[in-house]
Amino acid sequence: MPYLMRTPAVEELPALSALCFRSKAVWDYDNDFMEACRRELSFDPLELQSTSIVVAEEHGRIVGVAQVKVVGKEADLLKLFVEPTVLRGGVGRALFVWACGRAAAMGADKLMIEGDPQAPPFYRRMGAEDCGFVPSGSIAGRLLPKLVRDLRECEVRAASSVVG
Ligand SMILES: CC(C)(COP(=O)(O)OP(=O)(O)OC[C@H]1O[C@@H](n2cnc3c(N)ncnc32)[C@H](O)[C@@H]1OP(=O)(O)O)[C@@H](O)C(=O)NCCC(=O)NCCS
């Protein structure tokens with residue numbers, strides 16, 4: 001399914017933060033855990049300048065969001081969240097392809113991912129490789145899996161198809 005990929009407007013950021021929260025909750029975390037993650041799942045308007053953010057739209061409805069930050073040759077995947085009602089429908093792949101394309105177009109040769117512990121099977125399917133663990137920014141003592149996607153042979157067409 002081809003999704004419309006576009007940059008969100010600043011007024012849409014609260015709804016996108018809510019989407020991230022709903023999406024993270026699919027892994028059945030309790031309320032305290034989810035609240036501890038809320039800040040990390042939210043967008044600040046300044047991030048529209050300091051990072052690249054995209055939404056995937058289907059029939060005029062936002063079904064996912066991704067955010068990357070590129071510093072030199074390295075990119076970080078800061079967010080990748082799919083609306084729970086459309087999981088396993090290809091939105092995650094479309095967002096990941098966009099993230100790789102955008103990062104490569106901005107000069108990065110690798111995309112670093114600090115994922116939810118439930119997400120590595122998806123990222124491995126997208127060609128990423130495991131490269132250790134990092135401390136969670138939200139929960140003291142929690143470790144998150146770290147993965148890396150080599151971008152040197154990445155297609156950049158996805159990035160150039162973004163509108164807005
Ligand atoms: C992880 C996530 C982004 C995947 O998005 P999605 O739209 O469901 O994934 P897609 O439908 O595009 O799947 C792409 C491929 O990955 C596979 N895949 C997706 N989720 C998977 C999972 N949990 N386990 C194993 N494989 C998975 C699909 O089967 C598909 O494989 P195929 O190429 O053989 O058909 C989505 O589950 C999500 O948003 N989860 C909650 C939030 C989250 O944890 N985000 C990641 C933060 S690090």
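Ligands are counted one by one from 1 in listed order, and the atoms in each one are counted from 1 as well.
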Using a 3.5 Å cut-off and no angle test, enumerate the donor-acceptor pairs between side-chain atoms of residues 126-136 and protein atoms at least two apart in sequence or in another chain.
from : atom 1 : to   : atom 2 : distance (Å)
D130 : OD1    : R124 : NH2    : 3.1
D130 : OD2    : R124 : NE     : 2.8
S136 : OG     : S138 : N      : 3.0
S136 : OG     : I139 : N      : 3.0

With a 3.5 Å cut-off and sequence neighbours excluded, list the donor-acceptor pairs that the side chains of residues 108-115 form with protein atoms.
none

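- Donor-acceptor pairing under 3.5 Å is recorded for the side chains of T85 and R61.
- Listed by chain and number, residues touching ligand 1 at under 4.0 Å (heavy atoms only) are S23, V26, W27, L80, F81, V82, L87, R88, G89, G90, V91, G92, R93, G115, D116, P121, F122, Y123, R125, M126.
- Between M5 and L95, the closest side-chain pair of non-hydrogen atoms falls below 4.5 Å.
- In terms of the ring pair (Phe, Tyr, Trp, His ring centres under 6.0 Å) criterion, residue partners of Y123 (sequence neighbours excluded) are, by chain and number, F96.
- Contact check on E40 versus K24 returns no salt bridge, with no Lys/Arg side-chain nitrogen under 4.0 Å from an Asp/Glu carboxylate oxygen.
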